[in-house]
There are 2 protein chains.
Amino acid sequence: MTAHPPLRAHHFVKVACEDCNLTRICLPKDLEDDGIKDLSKVVRRDRTLQKGETLYWAGESFSGIYALKSGSAKLVHTDRQGRETIISLVLPGELFGFDGLTAKEHRCALVALETSRYCELASSDLEPLAKKIPSLQHILLERSCEQMDQVVEQLAASQRPAEERLAGFLLDLASRYQRRGFPFESFNLSLTRQDIGHHLGLALETVSRLLGRLESAGIIKVQGKRIQLLDINGLKTAAGQPEERSASTLI
Amino acid sequence: MTAHPPLRAHHFVKVACEDCNLTRICLPKDLEDDGIKDLSKVVRRDRTLQKGETLYWAGESFSGIYALKSGSAKLVHTDRQGRETIISLVLPGELFGFDGLTAKEHRCALVALETSRYCELASSDLEPLAKKIPSLQHILLERSCEQMDQVVEQLAASQRPAEERLAGFLLDLASRYQRRGFPFESFNLSLTRQDIGHHLGLALETVSRLLGRLESAGIIKVQGKRIQLLDINGLKTAAGQPEERSASTLI
DNA sequence: CGGTAATTTGACTCTTCTCAAGAGGCGTGG
DNA sequence: CCACGCCTCTTGAGAAGAGTCAAATTACCG
């Protein structure tokens with residue numbers, strides 16, 4: 001895999017989809033050039049959310065599919081008793097909003113974890129656009145199935161012990177950051193310990209203790225929200241993943 | 001809600017989609033009459049699975065979207081360490097196969113829990129059919145998002161105590177059976193205790209004990225796989241759902 | 001009717017949660 | 001620039017829910 005330069009926020013210029021640095025990750029990924037241009041014409045671009053701001057609440061009516069352009073956000077499900085579950089951490093280039101598509105009403109809330117920008121493909125534009133781009137509906141179907149795969153993976157993970165879940169989470173985050181041009185071994189968590197707990201089904205104290213344990217094992221280095229991965233194979237082992245045969249062990 | 005007569009298996013006749021008794025639940029639900037006829041022409045109908053037989057394994061290549069016609073099945077995810085999670089219990093009229101759509105390779109296995117029949121919409125027929133029925137892709141998108149909603153609900157439930165999960169599972173099953181014309185208060189589990197455990201993230205012994213506990217509380221009656229719901233409100237309370245205000249309490 | 005698989009029940013263990021207290025970090029305003 | 005207050009994080013101790021292991025009972029299939 002080739003490394004790309006870090007994705008920089010275009011703070012002052014609205015970039016057309018075809019010129020966006022997220023074109024390899026975001027919706028355009030699977031579209032041909034003409035489709036990207038058609039898409040670009042109707043996308044509402046570069047809206048901003050401040051940290052803690054909510055784009056939509058659960059129960060609000062569905063208005064479209066969104067793509068995160070910069071920053072990060074959490075997709076939060078809240079049950080009748082007020083218990084929160086973070087369904088996903090949303091990073092730049094990722095789509096969200098599918099939680100409102102069936103019922104025409106969102107099942108989750110989307111909350112920014114830092115100052116973030118996003119683009120909107122309004123539901124009213126969706127049908128006309130689908131006529132111009134025949135493959136669009138199928139691409140959206142694929143993306144929603146992809147997100148379901150991820151939730152299924154989480155559901156399966158929820159049966160594994162806490163340390164495996166946390167280690168797996170860190171590995172997943174690292175590779176997602178890497179795909180966006182950031183170093184694999186070092187990143188900042190935009191989630192609090194509480195949020196990580198709500199994502200992994202753990203108490204915040206357990207998250208803190210487990211991070212401490214991985215640190216004392218020399219596997220990671222923790223400085224508040226900054227995480228460094230010191231021993232990737234150790235982390236994979238902790239995540240319950242079979243260790244890759246590295247070059248050095250082949251001698 | 002009107003009660004429909006129990007859905008009987010058409011053991012010897014292949015029924016066109018427009019004449020199928022599942023037309024209010026299955027894919028035709030959202031299609032106009034012409035669409036149903038077009039669909040009916042390409043659907044491969046009434047294939048059979050014996051109890052324990054597998055329609056597809058994880059890793060097998062995606063070949064289409066399926067609908068269960070009779071019987072029941074489980075969609076099973078198996079992780080690297082061989083731990084199983086039952087993602088969903090599939091009942092007649094429900095679609096499955098979305099787990100293979102993105103990667104073109106199934107992520108889960110589908111296993112019949114009893115002698116069952118199913119219909120197939122082959123992926124090769126999907127594109128031509130979508131041209132004849134413009135709304136088809138969107139309907140499939142809605143269905144996949146609906147299934148995601150259900151998995152999200154399960155993920156949220158996985159953080160709740162065991163008894164709530166089990167009680168919620170029984171209530172969900174009852175209403176799904178009711179929709180298919182069976183009585184709400186009484187049904188046969190096609191899952192073993194082990195499978196229920198794999199579905200809810202519990203040990204089979206815990207499932208057995210909790211069923212026993214609900215029975216001694218007079219909320220349900222358990223006779224092996226036969227379950228009777230004796231006290232719906234009690235069950236809702238056990239599931240952590242706010243009790244409905246019933247007519248009698250309004251006096 | 002025998003054998004295998006499923007279920008129940010008991011005793012014990014252990015992971016993770018809860019409650020609690022203290023430390024650290026950050027932004028705001030004086 | 002420092003002090004205050006608030007939010008987040010860490011760490012400890014004890015409790016509890018659910019898991020594991022084991023054995024007996026029951027149900028089901030051929």
Side-chain angles (χ1 to χ4, degrees), chain A residues 50-52 74 81-86 111 113-115 157-170 188-217 220-227 238-240, chain B residues 50-53 74 81-86 111-115 157-170 188-217 220-227 238-240:
Chain A
Q50 296 303 321
K51 178 174 178 172
K74 57 180 178 181
Q81 275 128 84
R83 282 173 290 221
E84 289 188 0
T85 307
I86 294 186
V111 183
L113 293 166
E114 52 193 305
T115 303
S158 74
Q159 314 215 23
R160 306 215 301 268
E163 191 172 278
E164 287 189 29
R165 276 181 270 172
L166 182 62
F169 170 69
L170 294 177
N188 279 308
L189 292 167
S190 53
L191 295 167
T192 63
R193 304 289 189 265
Q194 174 74 267
D195 280 340
I196 298 172
H198 283 154
H199 186 46
L200 301 177
L202 299 172
L204 69 95
E205 295 94 331
T206 306
V207 174
S208 180
R209 274 186 258 267
L210 290 175
L211 285 172
R213 207 198 288 175
L214 289 172
E215 183 165 36
S216 4
I220 64 175
K221 187 163 191 297
V222 182
Q223 294 164 289
K225 298 205 178 293
R226 174 135 218 94
I227 304 285
Chain B
Q50 296 304 320
K51 179 174 178 173
E53 264 191 289
K74 57 180 178 181
Q81 275 127 82
R83 281 173 291 221
E84 289 189 0
T85 307
I86 295 185
V111 183
L113 293 166
E114 52 193 307
T115 304
S158 74
Q159 314 216 19
R160 306 214 301 269
E163 190 172 279
E164 287 188 27
R165 276 181 271 171
L166 182 63
F169 170 69
L170 294 178
N188 279 308
L189 291 167
S190 52
L191 295 166
T192 64
R193 304 289 189 261
Q194 174 74 269
D195 280 340
I196 298 172
H198 283 155
H199 187 45
L200 301 177
L202 299 172
L204 69 94
E205 296 93 331
T206 305
V207 174
S208 179
R209 273 186 258 267
L210 289 176
L211 285 173
R213 208 199 288 176
L214 288 172
E215 183 165 36
S216 6
I220 64 175
K221 188 164 191 300
V222 182
Q223 293 164 289
K225 297 208 179 293
R226 173 135 219 93
I227 303 286

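Each chain gets a letter, A, B and so on, in the order the sequences are listed, and its residues count up from 1.
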Residue B:A203, side-chain heavy atoms: nucleotide from C:dC17, D:dT20, D:dA18 that is nearest: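 The listed nucleotide nearest to B:A203's side chain is D:dT20.
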Of the listed nucleotides D:dA18, C:dT7, C:dT16, the one nearest the side chain of A:A162: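 Looking only at side-chain atoms, A:A162 lies closest to C:dT16.
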Under 4.0 angstrom, heavy atoms only, what part of the nucleic acid is B:G197 near: base, sugar-phosphate, or nothing?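 B:G197: no heavy atom of the nucleic acid under 4.0 Å.
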Measure from the side-chain N and O atoms of B:Q81 to the backbone N and O of A:G240, and report whether any donor-acceptor pair falls under 3.5 Å.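 Yes: the side chain of B:Q81 pairs with the backbone of A:G240.
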Interatomic distance where [atom1] belongs to [X] and [atom2] belongs to [N] [whole Å]:
X      : N      : atom1 : atom2 : answer
A:H198 : D:dC9  : NE2   : P     : 12 Å
A:Q194 : C:dT18 : CD    : C1'   : 13 Å
A:R193 : D:dT11 : CZ    : P     : 11 Å
A:Q159 : D:dG17 : CD    : C1'   : 16 Å
B:E163 : D:dG17 : CD    : P     : 11 Å
A:R165 : C:dT15 : CZ    : P     : 13 Å
A:N188 : D:dC9  : CG    : C1'   : 16 Å
B:E164 : D:dG17 : CD    : C1'   : 13 Å

Using heavy atoms and a sub-4.0 Å distance, could you list which residues of residues 204-214 of chain A are near DNA chain D? By number, please.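 By residue number: A:L204, A:E205, A:S208, A:R209.
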Letter per nucleotide, 5' to 3', of nucleotides 23-30 of chain D [B base touched, S only sugar-phosphate touched, - untouched; heavy atoms, 4.0 Å]: --------
Counting only heavy atoms not in B:K225, do more than 12 sit closer than 6.0 Å to its NZ atom?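 Atom NZ in B:K225 is crowded, with more than 12 foreign heavy atoms closer than 6.0 Å.
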Do A:V222 and A:I227 come within less than 4.5 Å of each other through their side chains, counting heavy atoms only?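 Result yes, sub-4.5 Å side-chain heavy-atom pair found.
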Got a second to check how far [X]'s [atom1] is from [Y]'s [atom2], nearest 0.5 Å?
X      : Y      : atom1 : atom2 : answer
B:E215 : B:I220 : CD    : CD1   : 6.5 Å
B:E53  : B:L113 : CD    : CG    : 12.5 Å
B:T85  : A:R160 : OG1   : CZ    : 9.0 Å

Where do B:A238 and B:L214 come nearest, in terms of heavy atoms and distance?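 Between these two residues, the closest heavy atoms are CB-CD2, 4.1 Å.
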Looking at B:G168 and B:A239, what are the two nearest heavy atoms and their distance?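 Closest approach of B:G168 to B:A239: N-CB, 3.6 Å.
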Acceptor/donor pairs from residues 196-213 of chain A side chains to any protein atom, 3.5 angstrom cut, sequence neighbours excluded:
{"from": "A:H198", "atom 1": "NE2", "to": "A:Q194", "atom 2": "OE1", "distance (Å)": "3.2"}
{"from": "A:H199", "atom 1": "ND1", "to": "A:I86", "atom 2": "O", "distance (Å)": "2.7"}
{"from": "A:R213", "atom 1": "NH1", "to": "A:E163", "atom 2": "OE1", "distance (Å)": "3.0"}

